[in-house]
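Just so we're on the same page: letters track the sequence lines, and every chain starts at 1. Source: prediction; values computed, not measured.
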Amino acid sequence: MSENGMFESARRDPAKKAKSSADRTQLQTVLLRFSRHRPAMISLFVLVLIVLFAFIGPFFWMWDHTVYREIPSNQPPSGTHPLGTSAAGHDVLGQLMRGAQQTLKVAFTVSLVSTAVGSLWGATAGYYGGRVDAFMMRIVDIFLIVPLLVAAAAIAGNSGAGTNWTAIALIIAIFAWASIARVVRGVVLSLREQEFVEAARASGASAPWIILRHLLPNAAGPIIVAATLLVAVAILAEAGMSFLGLGIQLPDISLGQMIGSARTAVSTRPWLFYPPGVLLVLICLTINFIGDGLRDALDPRQSMVRR
Amino acid sequence: MLVYTMRRLLGAIPVLLLASVLTFVMIDVTGDPLADIRMAQPPPTEAVLQQAEERLYLDRSMPERYWLWMTGIGGNGDIGLLQGEFGPSTQGPHYDIGANIAERLWTTLRLVGAAMVFALGLAIITGVISALRQYSKLDYTLTFIGFLALAMPTFWFAGIMQAAGVKFNLMVGEQVFATIGDGRFRAQGEPLWDQFLNAFAHMALPTIVLMLISFASWSRYQRTSMLEVMNSDYVRLARAKGLRNHTVIRRHALRTALIPLTTVVALGVAGVIDGAILTEVVFQWRGLGDFFITAVDNNDSFALMGWLLLSGTLVILANLIADLLYAVLDPRIRYE
């Protein structure tokens, strides 16, 4: 978020000025509001723990996600293997770390790529309006009518992108950007009618400049929220694909793939089935709560005192 | 209204057409329909490959293939959407894509329909209760359940429900829930009641699973829009007139608060179709989900195209119905 955008929206909203002390910037206000949203703060803490577990954990744990001859197969949780072992001879804890890591990498990549493409697309459509808008939004419609998971799975399965997490992420992103474009276009449609945009236009600013420097920063709130929620969407999409055997594949691993390969073992070897699922739910749950907290913190219409 | 409907339907045609071009190109570029034949042992002869290529129209260029897929003009009579032919399948000359889709459509629609109806009903009820008791313990609990359901991967929940169903059956010593299959194959001449029970046993668990995903987000929307309406002037006026509380809620508030939900439900159709595939896989239904997986496994591009076109049509129709419902729910909206 640029400084420019922050001051502009702070100036437009007298209610906010009255509430926050004069020497607080808007970023500080947002952070303060966010820090008072208890579910979001707890979620942020848990999510950080999960990220550490996924990315730092493997340095401290003796087993990785691959098969070892010295690992006995099908062992329930024990001291040496806290989450048990798989039939092939994986340490489930090691798998879980790697699985969470790959899942998170895919999700964050999808979110970044889709948000970048979607916001530019939506802002351009919204700024120009008229025929350009109609045409660009028809293209968005096309991507919205194909079910995300299935379209992505069809392409991934067809191309055998399987073991490469960036390929999977890009395939999901191809179908996921459209929803962001829609959100951003809606915001920009109302923003472009405002005086500061007119002022910029009057002072001779070019369209790309206005879009990048004025419209997008002011739409940052909804964009950040949408990007956050997209992480959860991407995680579930990747998990669904992997479950169907069309996402990340062995020898690499993701949480969805772990659940997929354990699905016949729900009652016989529950240690294979429940941990990846619980972790997946925990990631999506915390992200949804963080998105909720961000929405409240970034929305200037919300009052400071919540609930 | 009729004119509006016609115009919308006409407007949907270019969108569907472009969507079909997009998916056709992507499937064509990424996949090799002959992969299985090429990998076969012993290696296929040149003649076999050539024959397969000809049968699947791979000897033509991509634009030509798309044209054939759409119109069938210049094909061998086994291709051409406009003539009701979905194209040859990689699963052999006797595999009829159109007939297969038609056969499985009912299985999937049954699941999707039931799940959506129940999800909608439940979402409206919980959304309204949550809004009326805003910030109460009940509201927080329902919110948390909603968030949990949103975070739950369909297939994981399906696996848990399936295991729970099996356990329940063992406990009561009777097959109450069927945990596998769609219950299609049954003896002829069974009494109607037994048929009904059988269908129920097969449908109960998958419907609950599929219901959960949509229920969560829909109830959140219903809560928000109900809150908005309850704070509006006309509801305050109705209250001030001394109308009974539940008359105000039912007659004045709820009706308006339902309007935003129609859009969200229509947009959710794509997600429900996604979920149906995962649910079908876990419960081993032979519906469109199974059809889709088989098509992907076989690099069956024409089958995939047929499937994507069908789901795209469903999504567009759902959006149209939502817009028409708008006019029914809100007399202020007129389509001319």
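Of the residues considered (B/Val282, B/Ile160, B/Asp300), B/Ile160 shows the highest number of contacts with chain A, using heavy-atom pairs under 4.5 Å. Of the listed residues B/Leu308, B/Val281, B/Leu304, the one with more heavy-atom pairs under 4.5 angstrom with chain A than any other is B/Val281.
Heavy atoms of B/Leu18 lying under 4.5 Å from chain A belong to its backbone as well as its side chain. Proximity to chain A (any heavy atom under 4.5 Å) is restricted, for B/Ile277, to the side chain, taken from C-beta onward. Proximity to chain B (any heavy atom under 4.5 Å) is shown, for A/Leu285, by both the backbone and the side chain. Interface residue B/Ile27: backbone and side-chain heavy atoms are both found under 4.5 Å from chain A. For B/Leu309, no part lies near chain A; criterion is any non-hydrogen pair under 4.5 Å. Heavy atoms of A/Ala239 lying under 4.5 Å from chain B belong to its backbone as well as its side chain. For B/Phe147, the parts lying near chain A are the backbone and the side chain together; criterion is any non-hydrogen pair under 4.5 Å.
With rounding to the nearest 0.5 Å, the separation of CD1 in B/Ile316 from CG in A/Asp141 is 8.0 Å. With rounding to the nearest 0.5 Å, the separation of CZ in B/Arg220 from CG in A/Asp292 is 7.0 Å. The CG atom of B/Leu150 lies 12.5 Å from the CD1 atom of A/Ile287; values are rounded to the nearest 0.5 Å.
For residues 276-284 of chain A, heavy-atom neighbours of chain B at less than 4.5 Å comprise A/Gly277, A/Val278, A/Leu280, A/Val281, A/Cys284, sorted by residue number.
The only option from A/Ile139, A/Ile174, A/Ile142 that meets the side chain to side chain contact (heavy atoms under 4.5 Å, CB included) definition with B/Leu22 turns out to be A/Ile142.
Of all non-hydrogen atoms in B/Trp156 and A/Phe273, the two that sit nearest each other are NE1-O, 3.1 Å.
Heavy-atom neighbours of A/Phe34 CZ from other residues, nucleotides or ligands within 6.0 Å: above the threshold of 12. Within 6.0 Å of CZ in A/Arg182 there are 12 or fewer heavy atoms belonging to other residues, nucleotides or ligands.
With contacts defined as side-chain heavy-atom distances shorter than 4.5 Å, the pair B/Val296/A/Leu244 does not qualify.
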